[in-house]
Amino acid sequence: MRLRFLALACGAMSLGSVAMADVETLAADTAYKMSQKGELVLIDVRTPSEWAMTGMPRDSVGATLQDTDFVARARGAVLGDLDQPVAVICKSGTRSTSAAQRLAAEGFGHVFNVTEGMAGHLGAGDGWIKRGLPTDPFNPPDR
């Protein structure tokens, strides 16, 4: 009886993990090229003060990971189409890793993490800025 319960529990856990998309990694230049071709939506999960300092990746959408409406903003960025590929980027790959996992857990089907981030990360790459990829200025909303 005990083994049967364990087998059922393991089976239920594996079914839950099948539903969650795998998070893949992308280099910054690949993410840029794909976003420009309309093959993915790039979401910058940094803070507005970081966006103001460096600009945002060209044609990206800002959705700060710490905001309570982060997932809703990400859904809005893909117009509710959770099968639309998304890539997330932060300063150096830490927050984007959390963001990618969260989006995958929320049902996004194709999630990519730009692990080198904007500033680069040892072993992951030089980053968006050092690669010379284009940025758009951050224009805060009028209050």
Side-chain angles (χ1 to χ4, degrees), residues 3 5-143:
L3 287 174
F5 174 76
L6 184 59
L8 286 172
C10 289
M13 286 190 298
S14 67
L15 285 176
S17 64
V18 169
M20 190 165 85
D22 290 330
V23 174
E24 299 179 51
T25 60
L26 279 182
D29 57 344
T30 303
Y32 172 67
K33 289 173 190 169
M34 289 178 73
S35 72
Q36 293 305 294
K37 291 179 183 178
E39 297 173 350
L40 63 76
V41 173
L42 183 60
I43 301 174
D44 188 339
V45 300
R46 297 176 302 148
T47 63
S49 62
E50 290 172 298
W51 300 332
M53 286 189 294
T54 64
M56 297 173 68
R58 171 78 30 96
D59 298 326
S60 66
V61 175
T64 301
L65 180 60
Q66 295 83 1
D67 286 345
T68 57
D69 64 347
F70 168 71
V71 174
R73 287 175 170 263
R75 279 193 185 112
V78 297
L79 304 175
D81 180 3
L82 300 186
D83 288 325
Q84 170 72 37
V86 296
V88 290
I89 189 169
C90 66
K91 181 179 177 185
S92 63
T94 302
R95 283 174 284 175
S96 63
T97 297
S98 295
Q101 291 169 346
R102 187 163 169 201
L103 293 178
E106 290 288 338
F108 283 74
H110 305 284
V111 183
F112 298 92
N113 182 7
V114 183
T115 54
E116 65 190 276
M118 292 295 286
H121 185 76
L122 184 63
D126 289 334
W128 192 279
I129 295 168
K130 192 169 184 179
R131 286 179 183 266
L133 297 170
T135 58
D136 292 327
F138 171 62
N139 296 313
D142 293 330
R143 295 189 184 248

Of all heavy-atom pairs linking S96 and V114, the shortest is OG-O, 3.9 Å

Heavy-atom closest pair (G107 atom, L82 atom, distance to 0.1 Å) is O-CB, 3.6 Å

Short question: side chain of T54, backbone of E50 - any donor-acceptor pair under 3.5 Å? yes

**Asked** With no hydrogens and no angle check, is any side-chain donor or acceptor of T64 less than 3.5 Å from a backbone partner on R46?
**Response** yes

Value for OG (S92) from CG (L122), rounded to nearest 0.5 Å, stands at 11.0 Å

**Prompt:** Can you check whether P57 reaches M118 side chain to side chain, under 4.5 Å on heavy atoms?
**Reply:** yes

Check the pair H121 / T115 against side-chain contact (heavy atoms from CB on, under 4.5 Å), numbers first and verdict last.
-> CA-CA 7 Å; H121 185 76; T115 54; over 6 Å; no

For Q84 and V78 the tightest heavy-atom approach is CG-CG1, 3.7 Å

Q.
Between F108 and R75, does the side-chain contact (heavy atoms from CB on, under 4.5 Å) criterion hold? Intermediate values first, please.
A. CA-CA 9 Å; F108 283 74; R75 279 193 185 112; 3.9 Å; yes

Distance col, row R73:CZ vs T68:OG1, nearest 0.5 angstrom, shows 9.0 Å

Minimal heavy-atom distance between L103 and V88, with the atoms involved, is CD1-CG1, 3.8 Å

Quick one, R102 and V71 - any side-chain contact, counting heavy atoms below 4.5 Å? yes

Quiz prompt | Under 3.5 Å donor-acceptor, E116 side chain and A28 backbone | solution = yes

Between N113 and G93, the two heavy atoms sitting closest are ND2-O, 4.2 Å

In this structure, CG of D44 is separated from CE of M56 (nearest 0.5 Å) by 5.0 Å

Taking the side chain as everything from C-beta on, heavy atoms only, tell me whether L133 gets closer than 4.5 Å to R58. no

Value for CG (L42) from OH (Y32), rounded to nearest 0.5 Å, stands at 11.0 Å

d(H110 NE2, D22 CG) to nearest 0.5 Å is 11.0 Å

With no hydrogens and no angle check, is any side-chain donor or acceptor of D126 less than 3.5 Å from a backbone partner on R131?
-> no

* To do: Would you indicate whether the side-chain heavy atoms of F138 and P48 approach each other to under 4.5 Å?
  => yes

Across all chains, not counting sequence neighbours, the ring-ring contact (aromatic ring centres under 6.0 Å, His included) partners of F112 are none

In terms of heavy-atom contacts, A87 and L26 come closest through CB-CD1, 4.4 Å

- Query: Judged by atom type as modelled, is there a donor-acceptor pair below 3.5 Å linking the side chain of W128 to the main-chain atoms of P134?
  - Reply: yes

Under a plain distance cut-off of 3.5 Å, with no hydrogens placed, do Q101 and S98 share a side-chain donor-acceptor pair? no

